Amino acid sequence: MIYLQHVSKTYSNGAIGLNSTNLSIEKGEFVFITGNSGSGKSTLLRLLLKEIEPSHGKIIINNRDITKLKRKQIPYLRRDIGVVFQDFRLLPTKTVYENVAFAMQIVGATNREIRKNVPIILGLVGLARKARCYPEELSGGEQQRTALARAIINNSPILIADEPTGNLDPATSWEIMNCLQDINKRGVTIVMATHEREIVNTLKKRVIEITNGSVTKDMHEGGYDDEMEYSQVFV
Amino acid sequence: MMKWNTLKYLFKEGIVGLWKNRVMALASAGTIILCLLILGMSYSLGTNIDYILKQIETKFGITSYVKEGTNENKILELRAKIAGVPHVQEVRYISKEAALSSFKEGMKDNAIFEDFTKDNPLPASFEIIVDSVEFQDQVVKELGKMPELETRYLEKETDIFIKINDTINYISWAISGALIIVGLLLMTNTIKLTVYIRRKEINIMKYIGATDQFIRLPFLIEGVVIGTISALTAIIIIVVSYSWLSNILVTELIGLLNGVTFRPIGDIMQRLIPVCMIIGSGIGFIGSGTAIRKHLKV
Ligand SMILES: Nc1ncnc2c1ncn2[C@@H]1O[C@H](COP(=O)(O)OP(=O)(O)OP(=O)(O)O)[C@@H](O)[C@H]1O
Ligand SMILES: [Mg+2]
């Protein structure tokens, strides 16, 4: 579903974001991208969204080389990829309901479809009672669940999350993780960058670690710092 | 091609956005209104000076000099012919003698001119009054076809008036042009500020797959609505203040103006309404369009 072939990204100021990276993520996977701050996690995700262009290499999503897409085609790529961020990025002048409905308006859904689907998705993320609230009236967890609802409303096959729990307390973070797992169970491929050891270690999903722009670890059912735990055992 | 449902949604978004960003919308509207008001003012002023000068010109009348050696019969014939030209209200014949005596009248104390009585150099002439300002040119054209006449409808004084008038016209066009540019720049800047404040929203929309069109349309609608409302407001202000001011001026200055009237408001509005509407909505549309362009490139 997602393939990177020798992908490098050097920013215009010379900073290296990603260094000749090969990667393949299959349909339905749940992948954590871990690594130190500045290692290149966000760079990888931004490349997938075609927010930035790779300096070298091919990025193939859904059998299309997205580096070859024209500017006009980018919106259609992004409709196949739901996104959530650390800072939620909801439209501040729209209610929860309107924020989610907005994503459907973008793809040209009918009013009937919108009226039918939005409440269902809001129910799914547990926000049915907050539909009429504005983002500033919500807790961080509720805002992130709104963002999740928006990301999945159009049945995008891929969900990209850049530190979605970064601004949330542990309990709320787990609510979001449970939502994400539910979404993954419905067949959505999830790529999530994170710093949170506990989450990574508990969920036992595939873990890809990036260090200074290169993949240094790729483990199924991995933990955040497997090597360290390993060495600690032997000390 | 966008679906009808989507268009409806984006139109509504534009209107709602207008309300949600009403402070900036008001600032933009204020700029356009001011620009159109000054434009309207300079147009009203220019066109009235034009109008009043034409009236003064009419009072001066048209003078047609009769060529030397034209006999009495021919002159009578000419007089009838001139009176028959459409829109001629009054024809006065001034004989060589009458011309000389009125000339002497003006030069009372100057004995030198006594000599002229013997050999009068002044030509006979017709003075023609036209029934309405706008037909003056037409009548002059008809008179020009008569070979026995040499028609001048601009005396020296009117020549100067015309020059002043041209200058004023020229200046008011220059001011209007400059105002349109200034208005456009101000509007673009105000909308740029709105767009800048909302750039995060635009960014978010792009992230979830909105096309440029989809993002741009509500902004354009906002701009056009602001422009149109501003134009309407400016027009109302101009109508009210023009009627009020011309009324006051006519009653206050009745002695001075001596029957001169201002251009009727209907005349002014006939030109000003479409111009204001086009400039207003145009500034709104172009302003929004330019302001948002940069931010769409994400
Ligand atoms: N727009 C940019 N211009 C220049 N350099 C950049 C830009 N964005 C990121 N970088 C650099 O690229 C490298 C990777 O950054 P990236 O944001 O991908 O890290 P990250 O792993 O997401 O870090 P964090 O965990 O702090 O979010 C860093 O050295 C960073 O300074
Ligand atoms: Mg990051």
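Values reported hereafter were calculated over all heavy atoms of this structure, with side chains retained and with hydrogens, waters and symmetry mates removed. Residue numbers begin at 1 in each chain, while the letters A, B, ... track the order of the sequences. Quick caveat: nothing in here was measured; it's all calculated off a predicted structure.
Residue R199(B) places its CZ atom among more than 12 non-hydrogen atoms of other residues, nucleotides or ligands, all under 6.0 Å distant. The environment of NE2 in H56(A) is sparse: at most 12 heavy-atom neighbours from other residues, nucleotides or ligands sit within 6.0 Å. Shown here is E53(A), whose CD atom has more than 12 heavy atoms of other residues, nucleotides or ligands within 6.0 Å. Summarising the local packing, NZ of K130(A) is surrounded by 12 or fewer heavy atoms from other residues, nucleotides or ligands at distances under 6.0 Å. Atom CD of E175(A) sits in a crowded spot, with more than 12 heavy atoms from other residues, nucleotides or ligands closer than 6.0 Å. Sparse packing is recorded around CG of N36(A), with 12 or fewer heavy atoms of other residues, nucleotides or ligands lying under 6.0 Å away. Surrounding CZ of R271(B) are at most 12 heavy atoms belonging to other residues, nucleotides or ligands under 6.0 Å away. More than 12 heavy-atom neighbours from other residues, nucleotides or ligands sit within 6.0 angstrom of OH on Y11(A).
A salt bridge links E13(B) to K94(A): at least one charged side-chain nitrogen sits closer than 4.0 Å to a carboxylate oxygen. With salt bridges taken as basic N to acidic carboxylate O contacts below 4.0 Å, none links D212(B) and K72(A).
Side-chain N or O atoms of N5(B) include one that pairs as donor or acceptor with a backbone N or O of A109(A) at under 3.5 Å. For the pair R78(A) (side chain) and A210(B) (backbone), a donor-acceptor distance under 3.5 Å is absent.
Rounded to the nearest 0.5 Å, atoms CD (E51(A)) and OH (Y207(B)) are 2.5 Å apart. To the nearest 0.5 angstrom, K206(B) atom NZ is 12.5 Å from L49(A) atom CG. To the nearest 0.5 angstrom, R89(A) atom CZ is 14.0 Å from M205(B) atom CE. Note that OG1 of T6(B) and CG of N111(A) are 9.0 Å apart. Values are rounded to the nearest 0.5 Å.
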query: Would T211(B) and R79(A) count as a side chain to side chain contact (heavy atoms under 4.5 Å, CB included) if you check the C-alpha gap in whole Å, the side-chain angles of each, and the deciding distance to 0.1 Å?
result: CA-CA 10 Å; T211(B) 55; R79(A) 290 174 195 183; 3.5 Å; yes
- prompt: side chain to side chain contact (heavy atoms under 4.5 Å, CB included) between E201(B) and T93(A): does it pass, once the steps are laid out?
  reply: CA-CA 9 Å; E201(B) 287 179 50; T93(A) 56; 4.0 Å; yes
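For I204(B), the part sitting under 4.5 Å from any heavy atom of chain A is the side chain, from C-beta outward, and nothing else. Heavy atoms of L77(A) lying under 4.5 Å from chain B are absent altogether.
Relative orientation of the Y9(B) and F102(A) rings is tilted, given thresholds of 30° and 60° on the angle between their planes.
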